[in-house]
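Below is one structure, written out as structure tokens, with a few remarks after it.
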2 protein chains.
Amino acid sequence: MSEQTRPAKLGRLATYAGRSLEVLRDMILDGTLAPGERLNEVHLSQALGISRGPLREAIQRLASEGLVEAVTHRGVYVRSFSPRELSDLYELRIALETHAVRLAARHAPEERIEELSRLLDHTESSMGVDTTGAYPADQDFHARLAGLAAKPPLVVALTDVGRKIQLARARSAHQPRRARTALDEHRAIVTALTSRDGDHAAALIEAHLVSSLNNALAVLGTEETD
Amino acid sequence: MSEQTRPAKLGRLATYAGRSLEVLRDMILDGTLAPGERLNEVHLSQALGISRGPLREAIQRLASEGLVEAVTHRGVYVRSFSPRELSDLYELRIALETHAVRLAARHAPEERIEELSRLLDHTESSMGVDTTGAYPADQDFHARLAGLAAKPPLVVALTDVGRKIQLARARSAHQPRRARTALDEHRAIVTALTSRDGDHAAALIEAHLVSSLNNALAVLGTEETD
DNA sequence: GAACTGACAACTGTCAACAGTTTTCTATAT
DNA sequence: ATATAGAAAACTGTTGACAGTTGTCAGTTC
């Protein structure tokens, strides 16, 4: 009767391939599987407790998402991005996100914008203690912002490029100092949206992303191989 | 010694999964597999002469590309797009392609632009007889145009949205009359690029895509179910 | 005649074993 | 000692079979 008593080995997705995709993607994005690292099918399937079939299906999707690179008969590797590639990704993201924010300024319903504002309030209050989780909050903000444009293909495109950027930034997670600045920048964007000033919001988003990129590049530059 | 004497059952990709992906994608994009149609794994694997394993891997990639929709335990279906969805896809494409063309106007080397111009000459001359192949030529032009921006992520994004648009337009392939117009519009874009006028080129691209969209919407509107 | 029940068929999800390739290691020769 | 050739190990690509779910259809009940 109850949902709890079913096999439950599979989560909500009800398929090993689907669950493996999410697990692997998380492992890649949080650095458990480092850029350049090889994905051994046998080891991974044993670690996940499944066979190679569904695992390979998950890997195909990761390859399609551009998070891993598959070389025939030679294995799949976690992608690694050069600073130049990171810049290019950000440039694309800027093009997409400025477009999204202009649409949002014109068409987003008042309440959805207020929702976003409240989200920032919540982020700020829970940030007083420590900035852990500041990066997820940042991602959440940008995802909701994209949603305000109400154009599914745009959300898809931004999700795609966002994941690659997250991987490219890899271990250079947000720094505590930057979290504060980012929050202020987010607020300014929401304010511009509230006053329906698309051009201003777009300019703010661009500046925000540029400094985010510069921050990432700086971290990558100073970071020496351990 | 020679490449020809190897098993050769597999083409250049050397893997059933990779080849199946391309075959299936072509079948979807040329309408052999119609929107809404179900992909039966057993039938398809027999038709392709392979087992279900590599076939399923190919299908996962198609799902990731947004060309098919997978429903757990219920099969995968070729995606179908509403006019509204087609419009949204075009809007995204406009945002991306105007961005690309601005970059091209600023940075593309002279010779690459001339190359594009010669491509149009060739298209025009081989179009005198019949307009078959006008649509591939159009796609080729846009692909090369995106390439001029020299930003790989931008090319990837445009390829993704381009494929979906191609599927959404499905059987509404280019009309002979429009082929001529499109060629003229392409020429105007190249001319603007030659004079390094990014804004003008962007405006022309936008107009070109809008009329392309309108053409597609008109065809979809008048087209009744056979 | 319509709605329900249960068996049957079809199909998707998964697994374990096989085949072919690449890599590694060892033994041999220079 | 270095380089080389060959065998062994490790791994990817593929297959055929099994398991569980969904959909179908005949038979039954109201």
Side-chain angles (χ1 to χ4, degrees), chain A residues 1-24 27-28 33-34 36-64 67-79, chain B residues 1-24 27-28 33-34 36-64 67-79:
Chain A
M1 288 299 142
S2 75
E3 289 263 328
Q4 301 174 342
T5 54
R6 66 166 62 173
K9 291 172 81 175
L10 319 175
R12 54 182 177 76
L13 250 182
T15 172
Y16 284 147
R19 262 183 59 78
S20 299
L21 171 62
E22 300 196 352
V23 171
L24 287 177
M27 288 176 75
I28 290 172
L33 293 170
E37 189 173 342
R38 178 177 183 168
L39 274 62
N40 184 312
E41 293 183 4
V42 175
H43 294 163
L44 270 178
S45 64
Q46 287 171 352
L48 297 176
I50 63 177
S51 69
R52 286 174 53 223
L55 173 66
R56 281 176 64 92
E57 292 180 19
I59 289 176
Q60 290 297 320
R61 289 191 91 127
L62 290 175
S64 193
L67 299 185
V68 302
E69 211 161 1
V71 187
T72 306
H73 282 300
R74 233 163 258 184
V76 308
Y77 299 80
V78 179
R79 271 209 65 178
Chain B
M1 291 300 144
S2 76
E3 288 263 328
Q4 301 175 342
T5 54
R6 66 165 63 172
K9 291 174 80 176
L10 320 174
R12 54 182 178 74
L13 250 181
T15 172
Y16 285 147
R19 262 182 60 79
S20 299
L21 171 62
E22 300 198 351
V23 171
L24 288 177
M27 289 175 74
I28 291 172
L33 293 170
E37 189 174 341
R38 180 177 182 169
L39 274 62
N40 184 310
E41 292 184 4
V42 176
H43 295 161
L44 270 179
S45 64
Q46 289 171 351
L48 296 177
I50 62 176
S51 69
R52 284 175 53 224
L55 174 64
R56 282 176 63 91
E57 292 180 19
I59 288 176
Q60 291 297 319
R61 289 191 90 128
L62 289 175
S64 194
L67 298 185
V68 302
E69 210 160 1
V71 188
T72 307
H73 283 300
R74 234 164 256 182
V76 309
Y77 299 81
V78 178
R79 270 209 65 179

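In what follows, chains are A, B, ... by sequence order, proteins preceding strands, each numbered from 1.
- Arg38(A) has no side-chain polar atom (N or O) that falls below the 4.0 Å cut-off from OP1 or OP2 of dC11(D).
- To the nearest 0.5 Å, the span separating CG on Leu44(B) from CG on Leu33(B) amounts to 6.5 Å.
- The residue Leu55(A) sits apart from the nucleic acid: no heavy atom pair falls under 4.0 Å.
- Close to dG13(C), at under 4.0 Å from its OP1 or OP2, lies a side-chain N or O of Arg56(B).
- Across the protein-nucleic acid pair, Gln60(A) atom CD and dG13(C) atom C1' stand 17 Å apart, rounded to whole Å.
- To the nearest 0.5 Å, atom CG of residue Leu39(B) and atom CE of residue Met27(B) are 8.0 Å apart.
- Of the side-chain N and O atoms in Asn40(B), one or more sit less than 4.0 angstrom from OP1 or OP2 of dC11(C).
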Check nucleotides 15-17 of chain C against the protein and report each pair of N or O atoms closer than 3.5 Å, with its distance, or say if there are none.
from	atom 1	to	atom 2	distance (Å)
dC15(C)	OP2	Ser51(A)	N	2.8
dC15(C)	OP2	Ser51(A)	OG	2.8
dC15(C)	O5'	Ser51(A)	OG	3.4

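- Closest approach of Asn40(A) to His43(A), counting heavy atoms only: OD1-N, 3.1 Å.
- Comparing Ala17(A) and Thr72(A) along DNA chain C, the residue whose closest nucleotide (by nearest heavy atom) sits nearer the 5' end is Ala17(A).
- Atom pair Glu41(B):CD and dC11(C):C1' shows a separation of 8 Å (rounding to whole Å applied).
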List the atom pairs, donor and acceptor, that lie under 3.5 Å between side-chain atoms in residues 67-76 of chain B and the rest of the protein, sequence neighbours left out.
none

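- At whole-Å resolution of the value, CD in Glu69(B) and P in dT12(C) are 16 Å apart.
- Considering only side-chain N and O atoms, Arg74(A) lies under 4.0 angstrom from the phosphate OP1 or OP2 of dT23(C).
- The CD atom of Glu57(B) sits 12 Å away from the P atom of dT12(D) (whole-angstrom rounding).
- In terms of phosphate contacts, Thr15(B) brings a side-chain nitrogen or oxygen within less than 4.0 Å of OP1 or OP2 of dT14(D).
- Going from atom NE2 of His73(B) over to atom C1' of dT21(D) covers 5 Å, rounded to whole Å.
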Using atom types as modelled, flag every donor-acceptor pair under 3.5 Å from a side chain in residues 47-61 of chain A to any protein atom, sequence neighbours excluded.
from	atom 1	to	atom 2	distance (Å)
Arg52(A)	NE	Glu41(A)	OE1	3.0
Arg52(A)	NH2	Glu41(A)	OE1	3.0
Arg56(A)	NE	Glu57(B)	OE2	2.7
Arg56(A)	NH1	Glu41(A)	OE1	3.4
Arg56(A)	NH1	Glu41(A)	OE2	2.9
Arg56(A)	NH2	Glu57(B)	OE1	3.3
Arg56(A)	NH2	Glu57(B)	OE2	3.3
Glu57(A)	OE1	Arg56(B)	NH2	3.3
Glu57(A)	OE1	Gln60(B)	NE2	3.4
Glu57(A)	OE2	Arg56(B)	NE	2.6
Glu57(A)	OE2	Arg56(B)	NH2	3.3
Gln60(A)	OE1	Arg61(B)	NH1	3.1
Gln60(A)	NE2	Glu57(B)	OE1	3.4
Arg61(A)	NH1	Gln60(B)	OE1	3.0

